[in-house]
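Structure first, then comments.
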Amino acid sequence: MENYKHSLPEFTEVIIIGGGPAGAATALTLAARGMDCLVVESASGVKAKIGEVLSPNMTPLLRQMGLDKLINRSVHLPAYGNRFIWGSNQPFDKLFITQTNRQGWHLDRRDFEQKLSQFARKRGAKWFKNCKFLDAHDHQGEWQVSLHYQGQKQSINAQFLVDATGRGGRLTRRLGIPRNFGDRLLGLAGYFSLAKTEHIPHFTHIEAVPNGWWYAALLTDKRLVTVFMTDADLCHPSMQKIEGYWQKIQQTQLIKTLFPGDFLPPVDDGIRVKPAQTSCLISPVGDNWLAVGDAAFAYDPISSYGIGSALGGGYYAGNAIADYLNKRPEALPAYQMVTEGAFAHYLSMLRYQYLQEQRWHNSLFWSRRHQDDVRIQVCV
């Protein structure tokens, strides 16, 4: 995908820093509202990411945004429910067929994000790759943004800025906005190529273990992705090597059954380590800026909020910005109220979910999540 233009404009109404799902959804919504917006993406293309489930309850929003056309069976696999061992030694199934929308999707993240950014551009959003955000200063009510683009430092002015840079929050860190962290959760992901996958149901597989929990799902290219979730200080260095990682899989009850009995992983495959902790900004909005997606509120993967929250957040952020720039100042406080309310609901749900697992009272991982004041520790 080529850049929108060879040179940056001198001015745009909105600059969105970060071109992931939250940034692209914000740009798409702004473009649909007739707003002039520009996406700044530091990478040259979409990076490989851990596959993710798009839950059935996202179907109405996908249709409203016109994104349902981006998903097809040739690239993404249908997801029919969850199979889990959690709070009991017995596996249970939770099927989507009982819901109004009966099917979710196991996404190929790279394909989905590429099509999402292309769709936003077709709707009118400008897009600049290999364009690194450096700094931003408020000058008489207008932002002066410094970028590194085409080998040199360049500047562009804007009325409004959006931080869509994920958990790193590059813009909000520059602005000095404090961030609260609730835990030190991280995910260790391994990808395994299988000769046959017919024996693996199209479920999300989840299994609690003494020092964390496992996630596994089938991908379209006959690969199985597994992710071990634990706290950073509880993660033994051996888990970052395929030999130690594979040994832990063999100690599981559910996850190991997804592999053929004679399967041996290649020794040169690496384990990817990604932050997965709950965190939030002190405030997701400020004077002529807001944060969206993980840059505003980052969720524990057990919640399955992930990409769905990013798309929904982008939709609400785009509309809030358009309303605000059309002389409706109440739009930003409304966006803050809605997003903080959703995060408060998430915290309550998260605590309830972890309290369902009571088999390991002496485990530091689980005892941390059973503390009565866990919500206070996250965000005041």
Side-chain angles (χ1 to χ4, degrees), residues 1 3-4 14-31 37-55 58 61-62 65-67 70-71 75-76 105-123 125-133 147 161-174 179 187 189 225 227 272 274-281 284 289-301 303-318 320-321 339:
M1 183 177 67
N3 281 340
Y4 177 78
V14 183
I15 295 178
I16 301 165
I17 304 166
T26 304
L28 178 62
T29 305
L30 283 167
C37 64
L38 181 151
V39 177
V40 171
E41 177 58 68
S42 61
S44 59
V46 179
K47 298 178 181 179
K49 296 181 180 179
I50 297 172
E52 189 164 354
V53 176
L54 195 61
S55 64
M58 288 300 299
L61 179 63
L62 291 175
M65 298 180 71
L67 301 179
L70 306 185
I71 302 176
V75 179
H76 311 285
W105 293 95
H106 291 293
L107 291 180
D108 180 317
R109 283 290 298 273
R110 177 175 289 182
D111 178 86
F112 181 77
E113 291 190 27
Q114 285 176 339
K115 290 179 178 176
L116 180 59
S117 62
Q118 290 168 359
F119 189 54
R121 286 187 63 221
K122 288 180 180 178
R123 291 296 181 92
K126 305 179 184 72
W127 206 284
F128 288 85
K129 299 183 299 179
N130 289 317
C131 188
K132 184 179 180 181
F133 167 74
L147 305 167
L161 298 184
V162 178
D163 190 343
T165 60
R167 295 173 184 270
R170 290 194 291 273
L171 171 62
T172 48
R173 280 194 290 113
R174 282 288 185 181
R179 189 175 192 91
V225 59
V227 187
R272 302 176 188 177
K274 299 289 185 180
Q277 71 271 37
T278 294
S279 66
C280 66
L281 290 176
W289 68 265
L290 65 72
V292 66
D294 285 349
F297 303 99
Y299 301 96
D300 186 314
S303 68
S304 298
Y305 275 32
I307 196 168
S309 176
L311 295 174
Y315 176 78
Y316 288 114
I321 296 166
T339 54

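- To the nearest 0.5 Å, the span separating CD on Q114 from CG on L70 amounts to 12.0 Å.
- Judged purely by atom type and a 3.5 angstrom limit, R170 has no side-chain atom pairing as donor or acceptor with the backbone of D163.
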Practice task
Report the C-alpha separation of L281 and F297 in whole Å, then their side-chain angles, then the decisive distance to 0.1 Å, and conclude whether the side-chain contact (heavy atoms from CB on, under 4.5 Å) test is met.
Solution key: CA-CA 7 Å; L281 290 176; F297 303 99; over 6 Å; no
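- Under the 4.5 Å side-chain criterion, counting only non-hydrogen atoms from C-beta, V53 is not in contact with L107.
- Using bins of under 30°, 30° to 60° and over 60° for the plane-to-plane angle, the ring pair W105/H76 lands in the perpendicular bin.
- Of all the heavy atoms in A276 and P301, the pair that sits closest is O-CD, 3.6 Å.
- Within the model, atoms CZ of F128 and CG of L147 stand 9.5 Å from one another, a figure rounded to the nearest 0.5 Å.
- Once rounded to the nearest 0.5 Å, the distance linking CH2 of W127 with SG of C37 reads 9.0 Å.
- Put simply, OG on S55 and CD1 on I307 are 10.5 Å apart, with the number rounded to the nearest 0.5 Å.
- Across every non-hydrogen atom of L311 and A25, the tightest pair is O-CB, 3.7 Å.
- The shortest distance between side-chain heavy atoms of R173 and R179 does not fall below 4.5 Å.
- Of all non-hydrogen atoms in A317 and V292, the two that sit nearest each other are CB-CG2, 3.9 Å.
- Smallest separation of non-hydrogen atoms from F119 and M65: CE2-O, 3.6 Å.
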Practice task
Give the intermediate values and the outcome of side-chain contact (heavy atoms from CB on, under 4.5 Å) for residues L62 and L54.
Solution key: CA-CA 10 Å; L62 291 175; L54 195 61; 3.4 Å; yes
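- We find the NZ-NZ distance between K122 and K115 to be 10.0 Å, quoted to the nearest 0.5 Å.
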Exercise for the section: Walk me through it: do I15 and V39 pass the test side-chain contact (heavy atoms from CB on, under 4.5 Å)? Expected result: CA-CA 6 Å; I15 295 178; V39 177; over 6 Å; no
Exercise for the section: Mind running side-chain contact (heavy atoms from CB on, under 4.5 Å) on W289 and V162 for me, showing each step along the way? Expected result: CA-CA 6 Å; W289 68 265; V162 178; over 6 Å; no
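- Contact of the S42 side chain with the K129 side chain is not registered, since no non-hydrogen atoms from C-beta on lie closer than 4.5 Å.
- Side-chain contact between L290 and P284: absent, with no pair of heavy atoms (C-beta onward) separated by less than 4.5 Å.
- The two residues A22 and A164 have their closest heavy-atom pair at C-CB, 4.4 Å.
- A donor-acceptor pair under 3.5 Å links the side-chain atoms of T172 to the main chain of G169, judged by distance alone.
- For the pair I16/V40, no side-chain contact is recorded, criterion being any heavy-atom separation below 4.5 Å from C-beta on.
- No hydrogens or angles considered: nothing links the side chains of D300 and T278 as a donor-acceptor pair under 3.5 Å.
- Using a 4.5 Å heavy-atom threshold, the side chains of Y316 and T339 count as separate.
- Nearest heavy-atom pair across G20 and E41 is N-OE1, 4.0 Å.
- To the nearest 0.5 Å, atom CG of residue L38 and atom CD1 of residue I17 are 10.0 Å apart.
- The environment of F133 atom CZ is dense: over 12 non-hydrogen atoms of other residues, nucleotides or ligands sit within 6.0 angstrom.
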